[in-house]
Amino acid sequence: MSSESKNHRQPVRSLSRKQSENHFVEAQTCFPGGVNSPVRAFRSVGGTPVFVKRAKGAYIWDEDGNRYLDFVGSWGTAILGHAHDEVLDFVKHRMDNGLSFGAPTKEETELALKVRHYFPALEMMRFVSSGTEACMASIRLARGFTGRSKIIKFEGNYHGHGDMLLVKAGSGVATFGLPDSAGVTSGVAQSTLTAPYNDIQAVEALFAANPGDIAAIILEPIVGNAGFIRPQKSFLSDLRDLCSREGALLIFDEVMTGFRTHLGGVQALYNIKPDLVTLGKVVGGGMPLAVYGGRSDIMKMVAPLGSVYQAGTLSGNPVAVACGLKTLEVLGRPGNFAQISLRTQELVTGMIDIAAKHQIALQADHEGGMFGFFFTKSPVFNFTDAKKCDAEFFKKVFHALLDEGCYFAPSAFEAGFVSLAHKPEDIQNALSCFDRVLGALK
Ligand code: HOZ
């Protein structure tokens, strides 16, 4: 048993977070809601966000010195665990050569070849700095390539905060129950058509009503931003067939699922070849790096080869590339991904058993190192189903788990993540906490 795990705290009902509270008061004078990304503000669960001082392995520590077993992992980014020694050494070494050049480096190509090894659909690619950028650029490219203007996305799917994608979006938009975002013009929003996830008939109806107008379908091939929702039966292959038939592009947003549900993403799991793909989070290993890419005939339309413009000073940043390179190297070592998957499976099957023991309705699922759970009786196939979950009960469970030293996403509509640093005893500790919490709250 690791010393981190051995020392896992015994249950306490309330942790002091005085320092976090003080920092939160001050942060609110600087940042809207005191945060730089909305879900972090804890608004949907109430209370004070945990102000993180440091993180190592499967744990984070707050400014009050409390330690938490982390199932957020920087929203999936920290797949090796936090501050992995080999990654840190490699990144520090790279930093000695400079932080940003705004010019090409050989390491960018090394990383691109690694990405293509796992994701052969990315025949050519571009590095950008965030998943938002990757998705925005992929939509512009799909429109440029097809000469069509409309896109289809799914309710509760989140593809970053580009205007055209903030329509019936997931993540913070779903968490806070916002209809859509103010500031997105109706002209822009009108070009975004939406359908319920897992509903191929609804998508077919959109194509029938908009003949020759639809440039692309973009989706999370396993949803993480409305909680964890799996594609049913032939949904992904039906979308593939439909796009091919209609001359529209199929875009898999694997920012969350890439290298996370499978080393080759959901496209490898379900054996589907999308036309364009977006990646983020794991690919940068904790540094701001994301990717979009796909068929080379499409990617050749990107400037300077073609007429679709996209650029960025920090694109392909050398420190971020180094972090991504080492992260993927460690992740790809024999047995590592299987270990993450096994820990995740142990967690989720344990949660299901515990909920059953306490007669609490729970739907939970997992793939690779990603998981999700809803407090609801019925299976969840789309965002409408997800919204039927008991969000009030979730809040109580969330806070009780936090007080037990387990940090889960502060939203009923976000996925959770397990890393290589999570040991069997960490999972057992988390399950003991879950058992105590459900026992106390039922
Ligand atoms: N959009 C992220 C979760 N799906 C949250 C980002 C953050 O708060 O860091």
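All of these numbers come straight from a predicted model, not from anything done at the bench. Counting convention: from 1, in listed order, for ligands and their atoms alike.
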*Does any N/O atom on E414 come nearer than 3.5 Å to any N/O atom on ligand 1?*
yes

Output yes when K388 and D385 qualify as a salt bridge under the 4.0 Å nitrogen-oxygen rule, no when they do not. yes

Atom 2 (C) of ligand 1 sits nearest the protein heavy atom S171 OG, 3.8 Å

Atom 8 (O) of ligand 1 sits nearest the protein heavy atom R40 NE, 2.9 Å

- [ ] Decide whether a cation-pi geometry holds between R67 and Y59; the criteria are a distance under 6.0 Å from NZ or CZ to the six-membered ring centre and an angle within 45° of the ring axis.
- [x] yes

Across all chains, not counting sequence neighbours, the side chain to side chain donor-acceptor pair (under 3.5 Å) partners of K387 are none

_Any heavy atom of N225 closer to ligand 1 than 4.0 angstrom?_
yes

Residue, atom and distance of the protein heavy atom nearest atom 6 (C) of ligand 1 read S37 OG, 3.5 Å

Could E329 and K114 be called an ion pair, given the rule that one side-chain N must be under 4.0 Å from one carboxylate O? no

task: Could you tell me whether R295 and D275 have a side-chain N and a carboxylate O separated by less than 4.0 Å?
output: yes

